[in-house]
Amino acid sequence: MTLKTIWDRYYIAIIFIITCFVLGLVLMVVTVNQASSEYNEVSVASGDSIWSLADEYAGDYKMSKQDFVSWVEKENQIINGKLIAGETITIPIKKGAENIDRSIQLANE
């Protein structure tokens with residue numbers, strides 16, 4: 001069988017398969033970009049460590065410090081917990097969640 005006879009016989013299936021493949025790639029790229037953009041990013045200051053960021057953020061968002069550190073290391077491809085001042089890292093705090101008023105107000109106040 002030559003390529004021309006294959007094309008003549010199966011052109012609709014070939015076009016369908018190529019279209020599905022391209023749409024799958026587009027969907028994958030869009031999904032990956034949305035997933036990473038839903039979390040906040042923090043600029044690392046001199047002297048910051050993942051554990052100091054965990055002290056600052058983890059407790060307020062019902063996350064253990066160990067889970068926070070593991071998530072940050074995995075998502076930012078950090079090896080040995082080393083942060084470089086000036087770099088931006090993603091933290092597991094959803095955008096908009098940092099503006100929540102976490103103060104306690106009693107009903108009789």
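The first residue of the sequence shown is numbered 1, and numbering continues consecutively from there. As the structure is a prediction and not an experimental result, all values here were calculated from the model. Hydrogens, waters and symmetry mates are skipped; everything else that's a heavy atom, side chains included, is used.
When all heavy atoms of A85 and A45 are compared, the pair lying nearest together is CB-C, 4.1 Å. W71 and T90 make their closest contact through CZ3-O, 3.5 Å (heavy atoms, listed as atom of the first residue, atom of the second, distance). Counting all heavy atoms, side chain and backbone alike, E87 lies closest to K82 at OE2-O, 4.4 Å. Between S43 and G86, the closest heavy-atom pair is OG-O, 4.1 Å.
By the criterion of side-chain heavy atoms lying less than 4.5 angstrom apart, applied directly or through intervening Ile, Leu, Val, Met, Phe, Trp or Tyr residues, F16 is not grouped with I14; the two fall into different hydrophobic clusters. Under the 4.5 Å side-chain heavy-atom criterion for Ile, Leu, Val, Met, Phe, Trp and Tyr, I84 and I50 are members of distinct hydrophobic clusters. Grouping the Ile, Leu, Val, Met, Phe, Trp and Tyr side chains by contacts below 4.5 angstrom, directly or via other members, places L27 apart from F21.
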Item checked: Stepwise side-chain hydrogen bond (donor to acceptor under 3.5 Å, both in side chains) test for D67 and S70 -> CA-CA 5 Å; D67 290 340; S70 296; 5.5 Å; no
Next item on the list: Decide side-chain contact (heavy atoms from CB on, under 4.5 Å) for F68 and E73; before the verdict, give the C-alpha distance in whole Å, the side-chain angles of both, and the deciding distance to 0.1 Å.
Entry: CA-CA 9 Å; F68 184 94; E73 287 179 336; over 6 Å; no
Note to self: Between V44 and I89, is the side-chain contact (heavy atoms from CB on, under 4.5 Å) condition met? List the steps.
What the structure shows: CA-CA 7 Å; V44 177; I89 62 169; 4.2 Å; yes
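Rounded to the nearest 0.5 angstrom, I93 CD1 and E41 CD are separated by 13.5 Å. With values rounded to the nearest 0.5 angstrom, Y57 atom OH is found 13.5 Å from M63 atom CE. The OG1 atom of T5 lies 7.5 Å from the CG atom of L3; values are rounded to the nearest 0.5 Å.
If you check the side chains of S52 and D55, you find no donor sitting under 3.5 Å from an acceptor.
The one candidate from L83, V69, V72 that meets the side-chain contact (heavy atoms from CB on, under 4.5 Å) condition with L53 is L83. Results of the side-chain contact (heavy atoms from CB on, under 4.5 Å) test with I15 over T19, I17, I12 single out T19 as the only residue that passes.
Residue-environment remark: CG (L25) exceeds the threshold of 12 foreign heavy atoms within 6.0 Å.
Side-chain contact between I6 and Y11: absent, with no pair of heavy atoms (C-beta onward) separated by less than 4.5 Å.
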